[in-house]
Amino acid sequence: MDIHGFMAAYKRVWEGQDKHGFAALFTPAGRYWNTPFQVQKGAGELAAYWARIELQRDISLAYEVLAEMEGGGIAHWRVTYQVASEDIFRIWAASAGTGLPGRAPGDPLPRLTLDGVLTARFAPEGLCEEARIWWHSVAQAP
């Protein structure tokens, strides 16, 4: 796999909410850094982390490969989705560092936009050894 194939699969598993498909993109010891300070390692941790996408709806991901090199690459990605639970909204607010936007009880949950960059290194057999993402997010008004 190269960065083009990885990003096409990343789009497919995110939009398809496929936690096991996500884990299958990586080597058995593969690592996914979803922030500079938090890493998931191995199929179990990768699938468990990716399970949070089950709390998203109407997911749309677009990407552009910025650089391709032997054994790796860099891509810019942008995803939008409808938040489908208070839990994922709280997770987003905590990870974004922005706190919860003002909402009255019963207000609809927002649609989120995440914009980021991904770097990936691939093993000789093509699976991802390590992916790191840096991103920022914003809540769209309901």
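Model, not experiment: these values are computed from the prediction.
When every heavy atom of Ala84 is checked against every heavy atom of Leu109, the shortest pair comes out as C-CD1, 4.0 Å. Scanning all heavy atoms of the two residues, the minimum distance from Pro110 to Gln82 falls at O-NE2, 3.2 Å. The minimum heavy-atom distance between Leu46 and Gly30, with the atom names listed, is CD1-O, 4.1 Å. In this structure, Gln17 and Gln56 approach most closely via the heavy-atom pair NE2-O, 2.6 Å. Summarising the geometry of Ile59 relative to Tyr81, their closest heavy-atom pair is CG1-CB, 3.8 Å, with the distance given to 0.1 Å. Taking all atoms of both residues into account, the shortest heavy-atom contact from Asp18 to Ile53 is N-CD1, 3.7 Å.
No more than 12 heavy atoms of other residues, nucleotides or ligands sit less than 6.0 Å from atom CZ of Arg78.
Ile74 and Ile3 are assigned to two separate hydrophobic clusters, defined by single-linkage of ILVMFWY side chains at heavy-atom distances under 4.5 Å. Cluster annotation: Met7 and Trp33 are assigned to distinct hydrophobic clusters (Ile/Leu/Val/Met/Phe/Trp/Tyr, side-chain heavy-atom contacts under 4.5 Å, transitive).
When atom types are taken as modelled, the side chain of Arg111 and the backbone of Asp58 share a donor-acceptor pair closer than 3.5 angstrom.
With rounding to the nearest 0.5 angstrom, the CZ atom of Arg121 is 9.0 Å from the OG1 atom of Thr119. Atoms NE2 and OG1, on His136 and Thr113 in that order, are 11.0 Å from each other to the nearest 0.5 Å.
Judged purely by distance below 3.5 Å, without hydrogens or angles, the side chains of Trp50 and Gln40 never pair a donor atom with an acceptor atom.
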Between side-chain atoms of residues 60-70 and protein atoms elsewhere (two or more places apart, or another chain), which donor-acceptor pairs fall under 3.5 Å?
| unit_1 | atom_1 | unit_2 | atom_2 | d |
| --- | --- | --- | --- | --- |
| Glu68 | OE1 | His4 | NE2 | 3.1 |

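Side-chain contact between Glu130 and Val39 is absent, with no heavy-atom pair separated by less than 4.5 Å. Asn34 has its side chain within reach of Ile133: a pair of non-hydrogen atoms, C-beta onward, lies under 4.5 Å apart. Residues Val117 and Arg132 form no side-chain contact, since every pair of their non-hydrogen atoms from C-beta on lies 4.5 Å or further apart.
Results of the ring pair (Phe, Tyr, Trp, His ring centres under 6.0 Å) test with Phe6 over Trp77, Phe122, Phe22 single out Phe122 as the only residue that passes.
Salt-bridge formation is detected for the pair Glu15/Lys11: a Lys NZ or Arg NE/NH1/NH2 atom is positioned less than 4.0 Å from an Asp or Glu carboxylate oxygen.
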Show, in sequence, the C-alpha distance, side-chain angles and deciding distance for Tyr32 and Leu25, and conclude whether the side-chain contact (heavy atoms from CB on, under 4.5 Å) test is met. CA-CA 11 Å; Tyr32 182 75; Leu25 298 175; over 6 Å; no
